[in-house]
Amino acid sequence: MYSVSQPVETDRSSLLRIGFIASIGLALLVTAFFLAERRPGQDWGGDFALYISHARNLSEGRPYASTGYIVDPYFRSLSPATYPPLFPLVLAPLFARYGLDYQILKIPGILFFAGTIPVFFCLARRRLPVVRALVITVLWAAWPFALSFKDLILPDFLYLLLWMLTIWVVERAYENPAESGTAGAALLAGILMFGAYATRSAGIVAPVAVIAYDCVRFRKISRFGLISVGTFGVLFVGQNVLIHNESSYLQMFTLDFVKTAGIYQYALSTVLTTESAGWIRVVRLVATAGMTLFAVLGFALHFRRFRSPAETILAAYLLLLLLWSSGAGNRYFMPLVPFLFIYMALGLQELRDLAFRHMAFSAEWALAALILICYGAEYAKFQPGPIPGGISTSGFADLCQYIEDHTNRDDVFIYENPRVLSLYTGRSAAVYPESGDPQLMWDFSRSVHARYLVATNFLAADEQVTSRFLQQFGSGLRLTYSNANFRLYAFAE
């Protein structure tokens, strides 16, 4: 019996080894390609600026929260006062060595995404034959949005890597009782769960899901759950006491289920491509519908089998997305994307196992072709070269230089993008109220002792708000600087 089964086991082991090596090769290929395709510049979003400000503070030994950003209680959805510390901690040595060099600061994100590729293969091969696991690993490695997202200095790829590692370690532990009983596996899971949480606060769902899974399946908290969640809890308390807590996030909480569901429905519909012109829109919708249908089938069957908390963690994260209406956006959907591919393949495999072999074969090839067409359409939109606008907007550097040369370090500014202004000038800044109400804007400016207002010509929404404000309260301000795109007004003493 042993002599008969040994070659089979050897063949499977060899195939698995080849698949894993191939996934590492894909990761190296993606790394080289992304590094070569880094685009100079940075977009106009402010999240990157707050993360870099935290990194600067860590590298220079300053208080973590001293970024200059002032939270506007009338516009809490813009940003919390501080962000979780792990990503800034990664950036800090690079900032200390190279300063505000965007080409350097983009490297960690590229490496983190590349790291997800072999982890993705490991997650997929636990559920699928090696060849199919490798096929969808190629689809994940080629996901076109990663090519664009690599140029944003944001923590999402680090979170994605830690998130996937957490699920892989937890899944292994619960599917292998001998391993789940070891303190080492539980300790590792707890550290990974905390790492994800210390990167993005949404990581809190993993320990909660592990406890919920234990209570439902075992009617008690398992040894693995106790050690892993206990480890997470100790680190959680340390972070919240010493460096960053969730008070700002909790103050941002709003609930608008219909609006939020619509945002994520759009995120799902554009997960393969955003192209919507002509026939490609039909291809996109058919491919997305097919992918979603089979992914739901695969997920539902595995959730019903209830073998590990993996599906519970994913369900908890989806629930959090729907409940967290403040700041909902496409990038928050990203942690679910790799599992869409995995569960899609599982759904197709279930169709094959249910004796619909020919139908499954046709569906696999048709869906793969549609996905690749969508990928091609999205890649065709990619534009190498400098990122237009953003921090490279004409006049922004001159404005910042004027502010540094002609204003005091303790002056407070009101501006549409306060975190970017604070990063570049070292001055404190706040956004105006979200409603744009002139009286509320005046009262808020006075309450934070604002000394200056920055207005822009190139942002229609900002120009509308500041124009209304100046029409009503312009007598209390004077123009001190202007260029083609920016104007600086001083509040009267």
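Residue numbers count from 1 along this sequence.
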Undergrad: Keeping E37 on the side-chain end and L147 on the backbone end, is there a donor-acceptor pair under 3.5 Å?
TA: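 Absent.
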Undergrad: Would you say the side-chain atoms of N457 pair up with the backbone N or O of A484, donor to acceptor, closer than 3.5 Å?
TA: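 Looks like yes, one N/O pair under 3.5 Å.
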Undergrad: Side-chain contact test, heavy atoms from C-beta onward, threshold under 4.5 Å: evaluate it for Y102 versus I391 and give yes or no.
TA: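 Answer yes - side chains close enough.
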Undergrad: Look up atom OH in Y264 and atom CG in L322, then write down how far apart they are to the nearest 0.5 Å.
TA: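 The distance works out to 8.0 Å.
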Undergrad: I need the I403 CD1 to R409 CZ distance, nearest 0.5 Å.
TA: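 Rounded to the nearest 0.5 Å, the CD1-CZ separation comes out at 12.0 Å.
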Undergrad: So does P63 get a backbone contact from the side chain of N57, meaning a donor-acceptor N/O pair under 3.5 Å?
TA: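 Yes, because the side chain of N57 sits within donor-acceptor range (under 3.5 Å) of the backbone of P63.
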Undergrad: Does D410 offer a backbone N or O that forms a donor-acceptor pair with the side chain of N408 under 3.5 Å?
TA: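 No: the side chain of N408 does not pair with the backbone of D410.
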Undergrad: What's the shortest heavy-atom distance between S228 and A189, and which atoms?
TA: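 Taking S228 first and A189 second, the nearest heavy atoms are CB-CB, 4.1 Å.
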Undergrad: Quick one: salt bridge (Lys or Arg N to Asp or Glu O under 4.0 Å) pairs with a partner in residues 451-472, sequence neighbours left out?
TA: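 Pairs touching residues 451-472 that pass the test: R451-E493.
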Undergrad: Go through V138 and L26 one step at a time and tell me if the side-chain contact (heavy atoms from CB on, under 4.5 Å) criterion holds.
TA: CA-CA 8 Å; V138 172; L26 276 172; 3.8 Å; yes
Undergrad: Any donor and acceptor pair, going by atom type alone, linking the side chain of S428 with main-chain N or O of V412 inside 3.5 Å?
TA: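 No, because the side chain of S428 does not come within donor-acceptor range (under 3.5 Å) of the backbone of V412.
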Undergrad: Is F458 close to W44 at the side-chain level, that is, under 4.5 Å between some pair of heavy atoms?
TA: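 Yes. Closest side-chain heavy atoms under 4.5 Å.
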Undergrad: So F396 and Y424, would you call those rings parallel, tilted or perpendicular, with 30° and 60° as cut-offs?
TA: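 The rings of F396 and Y424 stand perpendicular, inter-plane angle above 60°.
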Undergrad: Taking V271's backbone N and O only, do any of them form a donor-acceptor pair with R284's side chain (distance below 3.5 Å, no angle check)?
TA: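 Such a contact is absent between R284 side chain and V271 backbone.
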Undergrad: So, taking the atom named OG1 in T292 and the one named CG in L297, what distance separates them when rounded to the nearest 0.5 Å?
TA: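 It comes to 12.5 Å.
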Undergrad: Using 0.5 Å steps for rounding, measure from the CE atom of M441 to the OH atom of Y74.
TA: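 One finds 14.0 Å between CE of M441 and OH of Y74.
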Undergrad: Centre-to-centre under 6.0 Å for F469 and Y432, is that the case here?
TA: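 They do not qualify: ring centres at least 6.0 Å apart.
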Undergrad: With the side chain counted from C-beta on, respond yes when F413 and P418 share a heavy-atom pair under 4.5 Å apart, and no when they do not.
TA: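 Counting from C-beta outward, F413 and P418 never come under 4.5 Å.
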Undergrad: For W143 together with F341, are the ring centres under 6.0 Å from each other?
TA: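 No, they do not, as the ring centres are separated by 6.0 Å or more.
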Undergrad: State whether the number of non-hydrogen atoms from other residues, nucleotides or ligands found under 6.0 Å of R62 atom CZ is greater than 12.
TA: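 Yes, CZ of R62 has more than 12 neighbouring heavy atoms, counting only those of other groups under 6.0 Å.
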Undergrad: Mark yes or no for whether D72, through its side chain, and A430, through its backbone, hold a donor-acceptor pair below 3.5 Å.
TA: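 Not confirmed, D72 side chain does not pair with A430 backbone.
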Undergrad: Any pair with a residue in residues 136-152 that passes salt bridge (Lys or Arg N to Asp or Glu O under 4.0 Å), sequence neighbours left out, goes on the list, sorted by first then second residue, please.
TA: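 Residue pairs passing salt bridge (Lys or Arg N to Asp or Glu O under 4.0 Å), neighbours aside: K106-D151.
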Undergrad: Looking only at heavy atoms, what is the nearest atom pair of A490 and T480, with distance?
TA: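 Looking at all heavy atoms of both residues, the closest pair is CB-CG2, 3.7 Å.
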Undergrad: Answer whether the closest heavy-atom distance between the side chains of L105 and Y98 falls below 4.5 Å.
TA: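 No, every pair of side-chain atoms sits at 4.5 Å or beyond.
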Undergrad: Compute whether any side-chain donor of one residue and acceptor of the other, for W140 and T116, lie under 3.5 angstrom apart.
TA: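 Side-chain D/A pair, W140 to T116: present.
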Undergrad: If we check side chain to side chain donor-acceptor pair (under 3.5 Å) with T273, which of these qualifies: E378, R281, K381?
TA: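 Checked E378, R281, K381 against T273; only one passes side chain to side chain donor-acceptor pair (under 3.5 Å): E378.
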Undergrad: Under the side-chain contact (heavy atoms from CB on, under 4.5 Å) criterion, do L268 and L340 qualify, and how do the steps go?
TA: CA-CA 10 Å; L268 176 61; L340 273 176; 3.9 Å; yes
Undergrad: F444 vs S447, test: side-chain contact (heavy atoms from CB on, under 4.5 Å). Steps then yes/no.
TA: CA-CA 5 Å; F444 173 70; S447 70; 3.8 Å; yes
Undergrad: Do P88 and Y64 have side-chain heavy atoms sitting under 4.5 Å apart?
TA: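 Counting from C-beta outward, P88 and Y64 do come under 4.5 Å.
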Undergrad: Without swapping roles, check the side chain of Y69 against the backbone of S79 for a donor-acceptor pair under 3.5 Å.
TA: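 Yes, because the side chain of Y69 sits within donor-acceptor range (under 3.5 Å) of the backbone of S79.
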Undergrad: Is there a donor-acceptor pair under 3.5 Å between the side chain of R38 and the backbone N or O of Q103?
TA: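 Pair found, side chain donor or acceptor close to backbone of Q103.
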Undergrad: Show the nearest heavy-atom pair for residues F382 and S148, with the distance to one decimal.
TA: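 The pair with the smallest heavy-atom distance is CD1-OG, 4.2 Å.
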Undergrad: To the nearest 0.5 Å, what is the distance between OG1 on T199 and CG on L158?
TA: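 Here the interatomic distance stands at 4.0 Å.
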Undergrad: Search all heavy atoms of S53 against all heavy atoms of L423 and return the closest pair with its distance.
TA: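 The pair with the smallest heavy-atom distance is OG-CD1, 3.6 Å.
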Undergrad: Decide yes or no for D156 and F112: does some side-chain heavy atom of the first lie under 4.5 Å from some side-chain heavy atom of the second?
TA: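 Answer no - side chains too far apart.
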Undergrad: Would you check if there is a donor-acceptor pair between the side chains of Y83 and D47 at a distance under 3.5 Å?
TA: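 Side chains of D47 and Y83: pair found under 3.5 Å.
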Undergrad: When you measure from the side chain of S467 to the backbone of Q464, do you find a donor-acceptor pair of N or O atoms at a distance under 3.5 Å?
TA: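 Looks like no, no N/O pair under 3.5 Å.
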Undergrad: Once you round to the nearest 0.5 Å, how far does CG of N240 lie from CD of E246?
TA: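 Reported to 0.5 Å precision, the distance equals 5.5 Å.
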Undergrad: How close do G45 and N417 get, counting heavy atoms only, and between which atoms?
TA: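 For G45 versus N417, the nearest heavy atoms are C-ND2, 4.3 Å.
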Undergrad: Could you walk me through whether W163 and I313 satisfy the side-chain contact (heavy atoms from CB on, under 4.5 Å) test, starting with their C-alpha distance in whole Å, then the side-chain angles of each, then the deciding distance to 0.1 Å, before giving a yes or no?
TA: CA-CA 10 Å; W163 165 256; I313 293 172; 3.4 Å; yes
Undergrad: Are R200 and Y332 in a cation-pi setup, meaning NZ or CZ lies under 6.0 angstrom from the ring centre and within 45 degrees of the ring axis?
TA: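 No, R200 does not lie over the aromatic ring of Y332.
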Undergrad: Is there a side-chain contact between Y415 and T456, using heavy atoms and a 4.5 Å cut-off?
TA: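 Yes, close enough: below the 4.5 Å cut-off.
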Undergrad: List in chain and number order the residues that pass ring pair (Phe, Tyr, Trp, His ring centres under 6.0 Å) with F157, two or more places apart in sequence or in another chain; answer none if no residue qualifies.
TA: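 F157 satisfies ring pair (Phe, Tyr, Trp, His ring centres under 6.0 Å) with F113, F149 once adjacent residues are dropped.
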Undergrad: Do L321 and T260 have side chains that get closer than 4.5 Å, going by heavy atoms?
TA: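 A side-chain contact is absent here, since even the closest heavy-atom pair is not under 4.5 Å.
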Undergrad: Can you see which heavy atom on V208 is nearest to which on I204, and at what distance?
TA: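 So the two residues come closest at CG2-O, 3.4 Å.
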